[in-house]
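Structure, as structure tokens:
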Amino acid sequence: MRHGHVEGIAPERFRGRAELPLSALGQEQAEALAGRLARRGKPAALYTSPLGRCVQTALPITRALGVAGQPLEGLHDIDYGQWQGKAHEDVRRDAADLYRLWFERPHLIRFPGGESLQDLVARTADGLRDVLARHPRGEVFLVGHDSVNRALLLQLLDQPLSAYWTLAQSPCCINEIEIGPRGIQVVRINDTAHLEGIRPK
């Protein structure tokens, strides 16, 4: 899952590792997410990014299913370095060429003072391997970020990093992946049916 809505999604900022609490809309989304997951039954484990917005998103799941969330470094958001906290329009003005490359060929850039997609993929892969080693059977819930989820999905779908922008990840969406004897099967991506009717107040 991705965390719920926070300020800085629209108008868009490079949020990255900034600590941002869920907005009122994000809290409502998290409750709806927990309500849907509660029908699945208790998972083997629940892991979240260390950032507060993911921990907050997991709290209603914890209450609904009685499973404690555990922080996982592999789910930490991408480090935007010097771009963190800046509005997209400001970066577009001040670093036009690098900004354009981020959207046209995201696998070819490193954020000034921050990470590259290759760094993110290596970190998320390590996190996923750790989770699979701890829980070879049963369902595991992961609460991460837009960039983290895209990186995981690209690996599970065996897609190149250049396909980064082809995968949408809405706030509080659900991605369901089955990993078993027959390999990897994608059941759903960016499913937000549980959020129908939820709008900003």
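In this chain, numbering begins with 1 at the start of the sequence shown. All of these numbers come straight from a predicted model, not from anything done at the bench.
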Those residues at least two apart in sequence (or on a different chain) that pass ring-ring contact (aromatic ring centres under 6.0 Å, His included) with Tyr99 are His88, Phe103
Residues passing the ring-ring contact (aromatic ring centres under 6.0 Å, His included) test with His145, sequence neighbours excluded, are His3
Single-linkage hydrophobic cluster, 4.5 Å side-chain cutoff, Val148 and Ile109 together: yes
Using the rule that two of Ile, Leu, Val, Met, Phe, Trp, Tyr join whenever any of their side-chain heavy atoms come within less than 4.5 Å, decide whether Phe14 and Tyr164 are in one cluster. yes
Start with the C-alpha gap between Leu128 and Leu156, add the side-chain angles, then the distance that decides, and say whether side chain to side chain contact (heavy atoms under 4.5 Å, CB included) holds.
CA-CA 10 Å; Leu128 182 59; Leu156 292 166; 4.0 Å; yes
Notebook entry, point to check: Are side-chain heavy atoms of Arg17 and Glu115 found at a separation under 4.5 Å?
Noted result: yes
* To do: Kindly check if the number of other-residue, nucleotide or ligand heavy atoms within 6.0 Å of CZ (Arg93) is above 12?
  => yes
Is there side-chain contact between Ile78 and Phe111, with at least one heavy-atom pair below 4.5 Å? yes
Under 3.5 Å donor-acceptor, Glu178 side chain and Val187 backbone: no
Given 3.5 Å as the limit, does a donor-acceptor pair link the side chain of Thr57 with the main chain of Gly4, or not?
yes
Heavy-atom closest pair (Leu72 atom, Pro50 atom, distance to 0.1 Å) is O-CD, 3.6 Å
_Can you confirm whether Val186 sits close enough to Leu153 that some side-chain heavy atom of one is under 4.5 Å from a side-chain heavy atom of the other?_
no
Apply side chain to side chain contact (heavy atoms under 4.5 Å, CB included) to Ile61 and Met1, showing your working.
-> CA-CA 11 Å; Ile61 302 171; Met1 288 80 71; 4.2 Å; yes
Here the gap from His5 atom NE2 to Ser170 atom OG, rounded to the nearest 0.5 Å, amounts to 11.5 Å
Do the non-hydrogen side-chain atoms of Val143 and Leu75 ever get within less than 4.5 Å of each other? no
The reported gap from CG in Asp158 to CD1 in Ile184 (rounded to nearest 0.5 angstrom) is 8.0 Å
Review point. Taking everything shown except Glu89 itself, do over 12 heavy atoms lie less than 6.0 Å from its CD?
Key: no
Scanning both residues in full, the closest heavy-atom pair of Pro21 with Gln56 reads CA-OE1, 3.3 Å
In short, salt bridge (Lys or Arg N to Asp or Glu O under 4.0 Å) pairs touching residues 76-85 with sequence neighbours left out are Arg53-Asp77
Val140 and Ala44 have their tightest heavy-atom pair at CG2-CB, 4.4 Å
Checklist line | Cluster link Leu195 to Leu59, ILVMFWY, side chain under 4.5 Å | finding: no
Here the salt bridge (Lys or Arg N to Asp or Glu O under 4.0 Å) pairs for residues 184-194, sequence neighbours left out, are Arg36-Asp191, Glu176-Arg188, Arg188-Asp191
Output for pair (His76 NE2, Thr48 OG1), nearest 0.5 Å, gives 10.0 Å
The reported gap from CD in Gln70 to OG1 in Thr62 (rounded to nearest 0.5 angstrom) is 10.0 Å
Sorted by chain and number, sequence neighbours left out, ring-ring contact (aromatic ring centres under 6.0 Å, His included) with Tyr47 holds for His135
Nearest heavy-atom approach of Gln29 to Pro171 is OE1-CB, 3.6 Å
Q) Same cluster for Val67 and Val131 if Ile/Leu/Val/Met/Phe/Trp/Tyr side chains link at under 4.5 Å? A) no
Interatomic distance, CZ@Arg150 vs CG@Asp146, rounded to 0.5 Å, equals 4.0 Å
Side-chain touch Asn175/Leu142, heavy atoms, less than 4.5 angstrom = no
Grouping ILVMFWY residues whenever side-chain heavy atoms fall under 4.5 Å, the cluster of Leu22 otherwise contains Val6, Ile9, Leu20
The reported gap from CZ in Arg2 to OG in Ser49 (rounded to nearest 0.5 angstrom) is 12.0 Å
Taking Gln155 for its side chain and Ala151 for its backbone only, find out whether a donor-acceptor pair lies under 3.5 Å. yes
Only residue of Leu117, Leu108, Leu120 satisfying side chain to side chain contact (heavy atoms under 4.5 Å, CB included) with Leu161 is Leu117
Does Phe141 reach the side chain of Leu65, with side-chain heavy atoms less than 4.5 Å apart?
-> yes
Self-check item: Validation row: Leu154, Val121 side chains within 4.5 angstrom (heavy atoms)
Solution: no
Salt-bridge test for Asp126 and Arg129: reply yes if a basic N is under 4.0 Å from a carboxylate O, no otherwise. yes
**Message:** Counting C-beta onward and ignoring hydrogens, is there a side-chain heavy-atom pair between Leu33 and Ile174 closer than 4.5 Å?
**Reply:** yes
Item to complete: For the pair Val91 and Trp102, evaluate side chain to side chain contact (heavy atoms under 4.5 Å, CB included) and give the outcome as yes or no after the intermediate values.
Response: CA-CA 11 Å; Val91 176; Trp102 169 231; over 6 Å; no
